[in-house]
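Written out below as structure tokens is the structure these notes cover.
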Amino acid sequence: MSADPGRIDLSGQFPPHVLRDYAFLGDGERGAVVGPDGDLAWMCAPSWDSDAVFATLIGGAGCYAVTPVGRYSWGGHYDRRSLIWNGRWVTTDGIVECRDALALPADPHTAVILRRIRVLSGSAQLRVVLDVRAGYGLADMDELTLGGEPAGRAGAGHAGGVWTGRSGPLRWRWSGAAQATRAGAGPLAMTLKLAAGEQHDLLLEISDRPFARSLDRPFGQPSAGGADGRWRATEAGWRDAVGAPAPGALAVRDSEQALAVLTGLTSGAGGMAAAATMSLPERARAGRNYDYRYAWIRDQCYAGRAVAAHGQFRLLDTSVDFVAQRLLADGPTMRPAYTTRGGPVPDERALPHLAGYPGGADKAGNRANGQFQLDAFGEALELFAVAAGHDRLDADGWRAAETAVDAIRRRGGEPDAGIWEIAPERWAHSQLTCVGGLRTIAAHAPARQAARWNALAEAVLADVCADCLHPDGRWQRSPGDPRIDAALLLPALRGALPADDPRSRATVAAVEAELVRDDYVYRFPPDGGGPLGDEEGAFLLCGFLLALARHAQGDHIGARALFERGRASCGSPGLFAEEFDVDQRQLRGNLPQAFVHALLLESAAVLAPAENPG
């Protein structure tokens with residue numbers, strides 16, 4: 001798998017944009033990131049954790065673009081309750097739209113990208129470019145044929161109309177682009193000229209298996225038989241997968257989109273990718289860029305709880321099953337993260353041939369695969385308790401709950417990496433999360449079992465009180481770190497302690513006093529003691545946690561203010577990253593960040609009764 005030095009590198013023609021400008025396509029098995037120039041700048045195939053085939057986002061080769069020729073301004077929107085993206089450009093000659101989606105139903109082995117170009121007014125001229133480069137851009141496009149003829153002998157407009165080829169271990173097939181040509185080792189490219197009311201369809205398939213069927217009908221014409229069927233199936237798939245938010249929920253459109261994002265990140269095997277991307281820096285030149293294309297147990301539990309609050313039990317069930325199977329398989333050695341199909345996360349490695357997103361360095365794999373994160377067991381119990389409360393916890397779920405309790409009993413005193421995945425310590429958040437999990441699942445268990453689990457919760461709580469209760473009456477991060485941490489808001493929200501417990505109130509007050517700036521919430525005080533925002537951006541997850549904490553303590557107006565601040569901290573397509581740079585109003589880190597969408601969704605349901613009494 002070697003790159004041709006004579007090929008054209010599209011990363012210079014489609015440079016990276018600020019993260020707020022990117023939209024996301026997902027079908028559960030993989031995701032793609034679309035830029036304002038109509039460029040698919042990132043996609044791994046065939047699955048989330050596969051090597052990228054489009055990687056211009058992080059300085060690699062590989063791109064698939066539909067871009068207006070000349071000057072234009074950009075916008076777009078999603079179809080409601082879906083990840084069908086409608087990119088729109090206003091040009092000097094008209095208005096043109098490109099409708100993009102990963103086709104449903106999804107095949108774990110084959111990515112299918114639908115693109116429908118429509119001229120809404122005036123006329124449009126568009127440049128279409130395809131450059132499939134497996135291995136994060138290292139593999140060339142080869143074995144090209146058009147209508148069954150080798151590319152060198154197939155002329156533009158060949159009757160077959162279907163391009164096929166390979167890139168590394170992957171096969172690809174492109175329909176609707178018979179007039180495309182290729183210069184040397186460069187991309188396939190063509191120019192489309194369309195008038196008002198005209199449309200043109202493109203379909204790209206990328207697979208790790210041979211294509212079993214042929215495309216025997218013309219594609220790319222106004223009445224293309226194959227395109228209409230694919231679009232109908234995809235639209236129906238989203239209607240079936242994403243229901244309406246809970247009655248009375250706040251921010252209905254945002255809640256719908258959060259449900260669609262979580263659905264699009266969740267594979268048929270049940271695992272939910274924490275984000276679609278890797279290596280997008282949280283802070284420029286700080287070395288903090290990670291690969292989030294895996295399923296974190298904690299994030300999966302947050303999502304399951306959030307969707308259940310909206311009566312979306314399909315995603316609750318898949319989350320419960322995925323987490324339960326990991327516990328039953330690995331017991332006390334359960335990893336913090338797995339691939340979305342339940343496999344091991346690969347070790348972190350550098351990809352030095354890539355330039356990286358500006359300010360970052362490219363890394364694949366994640367070092368969390370070797371960590372112990374105690375709170376994951378408590379989060380699992382809380383997820384199971386939610387399922388039990390809806391009478392949706394089966395026998396495997398109850399066996400998994402027993403396994404999680406046993407893990408807490410055996411390993412509860414060990415140092416762990418905690419929610420922020422840093423140096424092992426006896427993190428108070430981890431311990432208290434286990435208390436909350438034990439108490440909430442005990443509420444649904446038979447009496448004798450519940451008594452044992454509540455007794456274990458009391459013992460863990462006593463240990464935390466002995467060395468993690470600050471002299472001011474609030475929780476502190478660990479026995480050796482007296483600082484406040486926004487994660488310590490969670491215990492009172494999840495049943496470890498009542499919201500009106502003096503320790504809970506003191507913790508909320510400390511977070512308000514020390515970690516909030518302009519209604520943005522940070523994780524913990526900077527290690528160097530500098531101002532908030534100097535070392536990292538506001539953590540959007542924490543903003544929604546504080547909104548829930550204010551609500552639980554009766555401050556409904558303050559809760560709503562934080563909720564609104566949080567939900568406004570997204571990009572133009574409505575997607576959230578992990579962090580928000582308050583000074584520059586920019587997204588930081590990988591996107592779309594599943595746990596932020598999950599907490600927005602939970603907040604929209606929990607805060608609603610105060611906004612809609614009766």
Side-chain angles (χ1 to χ4, degrees), residues 23-34 43 46-48 77-86 99-114 116 228-247 249 251-276 293 295 299-323 340-341 383 386-387 390 392 573-576 592-598 600-602 604-605:
F24 164 63
L25 313 178
D27 64 5
E29 304 301 336
R30 79 284 296 171
V33 173
V34 187
M43 190 178 85
S47 59
W48 294 106
H77 69 280
Y78 284 104
D79 284 4
R80 294 189 71 166
R81 302 181 196 168
S82 82
L83 292 179
I84 297 173
W85 173 250
N86 301 277
R99 184 170 167 83
D100 294 331
L102 291 177
L104 297 178
D107 182 334
H109 295 280
T110 304
V112 179
I113 304 167
L114 303 177
R116 170 166 281 179
D228 288 342
R230 289 279 197 168
W231 277 110
R232 284 194 298 269
T234 300
E235 291 162 354
W238 281 109
R239 285 195 300 271
D240 292 343
V242 181
V252 171
R253 288 291 291 265
D254 289 2
S255 297
E256 289 177 338
Q257 187 163 334
L259 284 165
V261 167
L262 296 178
T263 300
L265 289 169
T266 303
S267 76
M272 180 192 71
R293 299 170 297 154
D299 297 21
Q300 192 97 40
C301 295
Y302 289 171
R305 184 185 190 93
V307 297
H310 291 266
Q312 304 288 309
F313 297 125
R314 178 176 176 177
L315 276 182
L316 171 64
D317 293 344
T318 58
S319 295
V320 168
D321 183 65
F322 184 82
V323 174
T340 58
R341 306 198 74 79
L383 175 67
V386 170
H390 292 284
R392 305 185 78 86
L575 302 177
F576 295 93
Q593 191 74 34
F595 63 46
V596 180
H597 290 83
L600 178 146
L601 195 58
E602 180 181 349

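Here the structure is a predicted model, which is why all the values come from computation and not from measurement.
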To the nearest 0.5 Å, what is the distance between [atom1] ([X]) and [atom2] ([Y])?
| X | Y | atom1 | atom2 | result |
| --- | --- | --- | --- | --- |
| Leu316 | Thr318 | CG | OG1 | 7.5 Å |
| Leu265 | Met272 | CG | CE | 6.5 Å |
| Asp254 | Leu600 | CG | CG | 6.0 Å |
| Arg314 | Leu259 | CZ | CG | 12.0 Å |
| Leu575 | Gln593 | CG | CD | 11.5 Å |
| Trp85 | Asp100 | CH2 | CG | 9.5 Å |

Tell me the closest heavy-atom pair linking [X] and [Y], and the distance in Å.
| X | Y | result |
| --- | --- | --- |
| Tyr78 | Pro573 | CE1-O, 3.4 Å |
| Leu25 | Ala101 | CD1-N, 4.1 Å |
| Phe24 | Pro592 | CD2-CG, 3.6 Å |
| Ser82 | Trp238 | CB-CG, 3.5 Å |

Find out whether [X] and [Y] are in side-chain contact, i.e. whether some heavy atom of one side chain is under 4.5 Å from a heavy atom of the other.
| X | Y | answer |
| --- | --- | --- |
| Val307 | Leu262 | yes |
| His310 | Leu601 | yes |
| Glu29 | Asp107 | no |
| Trp231 | Ile84 | yes |
| Pro108 | Arg341 | yes |
| Thr110 | Pro46 | no |
| Glu602 | Arg305 | yes |

When you measure from the side chain of [X] to the backbone N and O of [Y], does any donor-acceptor pair fall under 3.5 Å?
| X | Y | result |
| --- | --- | --- |
| Ser267 | Thr340 | yes |
| His597 | Val261 | no |
| Arg81 | Val242 | no |
| Gln300 | Phe322 | no |
| Asp27 | Arg30 | yes |
| Gln312 | Ala244 | yes |

Can a salt bridge be assigned to the pair Glu235 and Arg230 using a cut-off of 4.0 Å between side-chain N and carboxylate O?
no
So among Leu83, Leu102, Asp79, Leu114, which one has a side chain to side chain contact (heavy atoms under 4.5 Å, CB included) with Thr234?
Leu114
I would like to know whether His390 and Asp317 meet side-chain contact (heavy atoms from CB on, under 4.5 Å); could you show each step before the answer?
CA-CA 11 Å; His390 292 284; Asp317 293 344; over 6 Å; no
